[in-house]
Structures are given as C-alpha cells and as structure tokens.
**Student:** 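Have a look at the structure that comes next, please.
We use all heavy atoms of the structure for the numbers below, so side chains are in, but hydrogens, waters and symmetry mates are not. Throughout, numbering of the chain's residues begins at 1 and tracks the sequence.
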Amino acid sequence: MKLSQRLSHLQAMVDGRYQHIWDCCCDHGLLGAALLKKQVAGTMHFVDIVPGIMQTLQGKLARFFPLNQDATSPQWRVHCMDVAKLPLANYPSETPQLVIIAGVGGELTGELVSAIQQRADALGQNIEFLLCPVHHTYQLRERLDTLGLRYFDERLISENQRCYELLHVARHGKQPITAIGDSLWSQAPIETQVVYLRRLLKHYHQVVRGSKQEQKPLLERAISDYQAQLDLLSA
C-alpha cells in the first residue's frame, strides 16, 4: 500500500542505516515495511500490544519478506508486547538504535520515551527516537527536554486537514528542544502554520477553563507561547 504523507515524511527522516529499528504502535506496519524494503536496518522490529494485529502483520511479512540465511535479505522480528518494555537487552548494539513511535497521544508518547530511555541508560545503549504524536505536543516537548533529549530534525506537516509535528530526538541531538518548536516554523508553509496555531489556541483556551488549578500554569504558558508565535506570523 502507498504510504500516507505523514508516513512518507517519517520515512524520509530516517536518513541513515541502523542496526536495529523499532516500529512501535505499528498498527498495520506500513512504515516499518517501507523501511524494511529500503534496507535501512540490519533488523526491523515491529511492536504492538494487540495480538490480532501482530498475527496478521507477521503473516504479511512472511509472505513479502521471507526470512532466510542470506545476510543481504531483509531481517525482521515481530514483538507482541508493551512498548515501554522493549527487549533492548536482547539486541545489544554499539551504534544508536532508532525507536519510532507514531499515532498515539503526546502524554503516552512521553511515558513510552521515558521508560525506553531509562531502560537504554541502564544498559548503556544509545537510542534515537522518531516521534509523531497526535496531540499534546507542548507537554511532550517539555518532557523530552526534561529527559535531556535534543533534536536532529523537526517538521510540521498537514494531512487530511490535520497537522502533525514530527520530531527526531536523542541525547546526542544537535539542538535543544523548545516547548513550541524552533526550526519547525521556518519550514512549513505559512498557511499551515496559521491553521495549526489557531487550532492549538482554540483547544488550549477550551481546556484551561475546565482544568485543575495545578494544571493551569502550563496551559496558560502554552497559550501565551502559541499566541506569540501567531502574532509573529501576522506582523
């Protein structure tokens, strides 16, 4: 199947070769299969906690990417498990491994990144993350910064009247992660930026009214930051 624009952008952000790539919450496994075809990983790992999804995916992978002893053939593994518990210890690597988490909320994405990074630190392994949360990117970005992660690349794209932030981050990233993004705003079309910022502001204005008192400072800071960015575009 042809990749969506969102998945195509994620695929393009995998610009190197990794010994292990983990496609997490992989659903139908389209992104992982595309990367497998490009042979950008020694082993491509597909991870999801839903048994039915993984059984179907394993059948398709076995059909289109049969495993054999030929070192030049694509290698893959299917893991039906909690993404927070990736078996990194079973796959040691002297080079960074890439973990892709796309299609889940920013809060859950932050929890998964935190758990995986903690596991990697304990094992002395280097991990990179390629992330595409469906919402709550402000909270996610602040958490990534707290974890000591930095970014290699960040992009804002629009697909089917929805906007997505794509982030490639790691401890050894090149730039500090800011709460609303930095180079994010210099690449996307102005129309996309304006639509996205207006939607974010509408959302946070609605959320802050019904939020608990301890949540208000972060939400109000998000409103202030996004409004300032929108004002810059309108100047």
Side-chain angles (χ1 to χ4, degrees), residues 6-7 9-16 18-27 29 31-32 35 40-41 43-50 77 79-93 95-157 163-184 200 215 218 221-222:
R6 179 174 62 95
L7 294 183
H9 275 278
L10 287 169
Q11 180 188 29
M13 291 174 74
V14 183
D15 57 359
Y18 297 85
Q19 190 170 348
H20 296 282
I21 296 180
W22 304 79
D23 181 6
C24 302
C25 309
C26 61
D27 195 8
L31 176 58
L35 294 172
V40 294
T43 302
M44 190 77 212
H45 301 266
F46 297 81
V47 189
D48 203 297
I49 201 169
V50 183
R77 298 289 184 273
H79 309 268
C80 186
M81 64 184 305
D82 183 351
V83 170
K85 300 178 181 178
L86 290 187
L88 298 177
N90 297 338
Y91 300 95
S93 174
T95 58
Q97 302 187 37
L98 179 65
V99 175
I100 304 172
I101 304 174
V104 299
E107 184 176 354
L108 177 56
T109 300
E111 293 174 359
L112 295 176
V113 169
S114 180
I116 295 168
Q117 185 64 64
Q118 183 177 17
R119 186 178 293 264
D121 289 343
L123 295 168
Q125 295 184 1
N126 288 328
I127 297 291
E128 296 178 12
F129 296 94
L130 185 56
L131 310 174
C132 180
V134 294
H135 48 63
H136 296 159
T137 54
Y138 192 93
Q139 294 92 321
L140 172 60
R141 285 173 168 276
E142 290 214 328
R143 186 162 190 174
L144 296 177
D145 181 58
T146 300
L147 290 171
L149 302 180
R150 297 163 64 89
Y151 79 88
F152 296 102
D153 192 6
E154 57 179 4
R155 303 182 187 182
L156 175 64
I157 67 161
C163 295
Y164 299 92
E165 293 184 34
L166 284 54
L167 299 99
H168 182 188
V169 304
R171 286 267 172 83
H172 55 283
K174 297 180 179 178
Q175 299 291 334
I177 298 172
T178 60
I180 68 167
D182 185 9
S183 60
L184 188 76
L200 286 170
Q215 297 173 323
L218 183 144
R221 190 166 68 250

**Student:** Heavy atoms only: give me the nearest V104-C25 pair and the separation to one decimal.
**Tutor:** CG1-SG, 3.9 Å
**Student:** Using atom types as modelled and distance alone, determine if a side-chain donor or acceptor of E154 lies under 3.5 Å from a backbone N or O of S183.
**Tutor:** yes
**Student:** So do the side chains of Y138 and R221 get within less than 4.5 Å of each other, counting heavy atoms only?
**Tutor:** yes
**Student:** How close do F152 and A170 get, counting heavy atoms only, and between which atoms?
**Tutor:** CE1-CB, 3.6 Å
**Student:** Check the angle between the aromatic planes of Y91 and H45 and answer parallel, tilted or perpendicular using the 30° and 60° thresholds.
**Tutor:** perpendicular
**Student:** At what distance, to the nearest 0.5 angstrom, does CG of L184 lie from CG of L156?
**Tutor:** 5.0 Å
**Student:** Drop me the distance from D48's CG to H79's NE2, to the nearest 0.5 angstrom.
**Tutor:** 12.5 Å
**Student:** Looking only at heavy atoms, what is the nearest atom pair of P87 and M81, with distance?
**Tutor:** CD-SD, 3.5 Å
**Student:** Name the one of L7, I21, L130 that satisfies side-chain contact (heavy atoms from CB on, under 4.5 Å) with L31?
**Tutor:** L7
**Student:** How far does OG1 of T137 sit from CG of L166, to the nearest 0.5 angstrom?
**Tutor:** 11.0 Å
**Student:** Please collect all salt bridge (Lys or Arg N to Asp or Glu O under 4.0 Å) contacts where either partner lies in residues 107-126, sequence neighbours excluded, each pair once.
**Tutor:** D121-R171
**Student:** Would a 4.5 Å heavy-atom cut-off, applied to side chains only, mark V169 and V113 as touching?
**Tutor:** no
**Student:** How close do L10 and A102 get, heavy atom to heavy atom, and via which atoms?
**Tutor:** CD1-CB, 4.0 Å
**Student:** Is R141 close to I180 at the side-chain level, that is, under 4.5 Å between some pair of heavy atoms?
**Tutor:** no
**Student:** As an exercise, state the distance from NE2 of H20 to OG of S93, rounded to the nearest 0.5 Å.
**Tutor:** 5.5 Å
**Student:** Give a yes or no on whether the ring-centroid distance for H9 and Y164 is below 6.0 angstrom.
**Tutor:** no
**Student:** Between atom CG of L131 and atom CD1 of I101, what is the distance when rounded to the nearest 0.5 Å?
**Tutor:** 5.5 Å
**Student:** Quick one: does D23's side chain get under 4.5 Å of L35's, heavy atoms only?
**Tutor:** no
**Student:** Going by the rule side-chain contact (heavy atoms from CB on, under 4.5 Å), which residues pair with Q175 if we only count those two or more places apart in sequence or in a different chain?
**Tutor:** Y151
**Student:** Side chains of R155 and H168, heavy atoms from C-beta outward: is any pair under 4.5 Å?
**Tutor:** no
**Student:** Are E165 and L140 close enough, and set up right, to give a side-chain contact (heavy atoms from CB on, under 4.5 Å), and what steps lead you there?
**Tutor:** CA-CA 11 Å; E165 293 184 34; L140 172 60; over 6 Å; no
**Student:** Between E142 and L218, is any pair of side-chain heavy atoms under 4.5 Å apart?
**Tutor:** yes
**Student:** Going by heavy atoms in the side chains, are C24 and L112 under 4.5 Å from each other?
**Tutor:** no
**Student:** Between atom CZ of R150 and atom NZ of K174, what is the distance when rounded to the nearest 0.5 Å?
**Tutor:** 11.5 Å
**Student:** So do the side chains of L88 and I116 get within less than 4.5 Å of each other, counting heavy atoms only?
**Tutor:** yes
